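All chains are named by letter (A, B, ...) in the order of the sequence lines, taking the proteins before the strands, and each is independently numbered beginning at 1. This structure is a prediction, so every number in the text was calculated from the model and none was measured.
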Number of protein chains: 2
Amino acid sequence: MQNVKKIDPRPNISEDIANTLRNMIFDGYFSAGERINEVHLSTELGVSRTPLREALTTLAAEEALYHSPRRGFFVSELSREEFEDIYPMRAILDPAALRLSGRPSRESFSKLERINEKMKGTRDFKTRASLDDEWHLELIRDCNNRVLIGQIKLFMNRIRRYGLAFHQDRQVVEMSTTEHQEIIDALKKDDLESACEWLRRNLTSDKTPILNWLEGRKTK
Amino acid sequence: MQNVKKIDPRPNISEDIANTLRNMIFDGYFSAGERINEVHLSTELGVSRTPLREALTTLAAEEALYHSPRRGFFVSELSREEFEDIYPMRAILDPAALRLSGRPSRESFSKLERINEKMKGTRDFKTRASLDDEWHLELIRDCNNRVLIGQIKLFMNRIRRYGLAFHQDRQVVEMSTTEHQEIIDALKKDDLESACEWLRRNLTSDKTPILNWLEGRKTK
DNA sequence: TTATATTTAACTGTATACAGTATTTAGTTA
DNA sequence: TAACTAAATACTGTATACAGTTAAATATAA
């Protein structure tokens with residue numbers, strides 16, 4: 001038998017703080033473009049600058065922050081340019097994952113319908129958005145490519161910031177629960193390709209309103 | 001006019017070191033699974049541990065390294081599992097980028113053929129591999145989605161480690177210059193879809209030999 | 001000798017100090 | 001007042017110190 005080292009799951013401060021910061025950013029705790037003061041933030045979080053900086057470095061690698069030498073870390077701006085780049089990514093990645101997953105299991109089907117029902121009855125944007133994420137991850141549960149799933153999760157986060165900022169200004173728009181149902185129906189008929197097509201459509205439907213909002217937001 | 005801050009392009013040690021390390025890893029300077037000794041490496045590179053650790057954190061976010069709390073940083077192993085996950089990514093991403101690019105310009109066409117010719121005459125694996133990367137980036141030059149291009153570059157690097165390790169053991173295998181030509185020909189006929197199909201095929205053709213090699217390498 | 005316990009050394013994780021660089025504030029001139 | 005300059009302050013980048021943990025070496029028992 002191979003001598004597999006037991007790995008210690010205890011995280012360390014750097015990684016803890018990275019998770020904390022990630023949530024703070026995606027939940028809109030910082031405003032876009034904001035400069036991060038390392039001294040203030042470190043005392044606020046009760047840690048020294050070293051692990052904080054390592055966390056900031058991690059977040060910069062994920063492009064949630066950017067780094068300007070000798071000026072520090074900044075929260076990434078929400079821009080039309082970035083949005084137009086990251087938004088189509090899921091329409092590329094998710095259908096590929098669905099193709100690898102194939103038809104969901106019986107349990108997955110009922111779970112998908114349960115989540116979709118819950119979405120219909122939810123008005124709060126944040127919970128609605130996480131239900132949407134949950135639904136999409138359930139849809140591709142059988143995809144065994146962990147890297148692909150990881151990428152999808154990454155772009156879920158990056159795109160959420162836009163949805164959040166948008167829905168703070170505007171009213172909640174009807175999120176595509178009917179499209180979800182179309183995907184489920186197609187899969188039940190074993191029609192993977194039209195399921196992929198509906199999925200692609202579902203992942204592009206939000207684009208226009210947010211794009212318009214980004215355009216009309218030159219007031220800043 | 002908006003007050004656009006001139007950005008200072010001078011990098012800092014952390015970022016310098018990150019680039020250095022990235023090249024060291026992708027070029028096979030470290031062996032897979034190797035543990036990184038921060039003290040030794042920092043003196044070797046002539047910097048203190050702090051910027052080195054920030055660089056290591058960056059590389060860990062890119063999954064070139066992994067981090068085990070209180071044990072340190074390790075060079076990621078080459079595993080069949082990871083290979084099977086990352087290898088298909090380019091077959092997903094590249095055709096999507098080609099669809100966004102559309103038909104290449106006249107200059108691109110000649111550049112593509114020039115690079116491909118050069119590839120045919122090159123026996124050294126490393127230069128051949130970078131010519132291949134160059135060719136593929138030229139193919140999708142008109143894709144205006146920078147994020148998508150960035151992802152492709154990321155996976156180029158991650159996959160290269162496998163190709164390199166493989167070609168150190170085995171003989172150089174004929175790289176798919178004929179497939180490249182098929183792609184060019186299809187595009188000249190304005191047949192984007194079959195170009196995408198050839199591209200997908202090109203990006204899956206190397207898989208089997210490397211996979212076999214990974215399988216048969218249980219000697220370790 | 002092999003296996004287990006104990007001590008020692010090495011290494012990582014975090015805090016802190018310090019130097020050099022931006023940024024802000026106050027002061028000066030038109 | 002507005003524009004410009006100079007001094008003061010704040011902040012980042014890097015080095016270093018130290019504590020706690022892991023890994024290695026040595027000693028002890030089977």
Listed partners of [X] passing side chain to side chain contact (heavy atoms under 4.5 Å, CB included), at least two apart:
X	value
A:E179	A:S176, A:W198, A:N202, A:S205
B:S48	B:T50, B:P51
A:N37	A:V39, A:H40
B:D85	A:N145, A:R146, A:V147

task = Could you tell me the separation between the CG atom of B:L41 and the P atom of C:dA10, rounded to a whole number of Å?
result =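 About 19 Å, once rounded to whole Å.
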ask   = Can you list the residues that meet the ring-ring contact (aromatic ring centres under 6.0 Å, His included) rule with B:H180, with sequence neighbours excluded?
value =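 B:W135, B:H136.
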task = Applying ring-ring contact (aromatic ring centres under 6.0 Å, His included), name anything that partners B:Y66, two or more places apart in sequence or on another chain.
result =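 So B:Y66 forms a ring-ring contact (aromatic ring centres under 6.0 Å, His included) with B:F74.
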request  = Would you mind reading off the bend of the helix from C:dT1-D:dA30 to C:dA30-D:dT1 from its two end axes, five pairs each, to 10 degrees?
outcome  =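 Inter-axis angle at the ends, rounded: 0°.
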request  = Using a 4.0 Å cut-off on protein heavy atoms (strictly under), produce a 5'-to-3' string for nucleotides 11-18 of chain D with B for base contact, S for backbone-only sugar-phosphate contact, and - for none.
outcome  = SBBBBBB-
inquiry  = With side-chain contact (heavy atoms from CB on, under 4.5 Å) as the criterion, how do A:L93 and B:L93 come out once you've worked through the C-alpha distance, each side chain's angles and the decisive distance to 0.1 Å?
reply    = CA-CA 8 Å; A:L93 299 172; B:L93 298 172; 3.9 Å; yes
Could you go through residues 154-164 of chain B and list every donor-acceptor pair under 3.5 Å that involves a side-chain atom there, pairing it with any protein atom two or more places apart or in another chain?
from, atom 1, to, atom 2, distance (Å)
B:R158, NH2, B:E82, OE2, 2.8
B:R160, NH2, B:D133, OD2, 2.3
B:R161, NH1, B:S76, O, 3.3
B:R161, NH2, B:S76, O, 2.9
B:Y162, OH, B:S79, N, 3.0
B:Y162, OH, B:S79, O, 3.3
B:Y162, OH, B:E82, OE1, 2.5

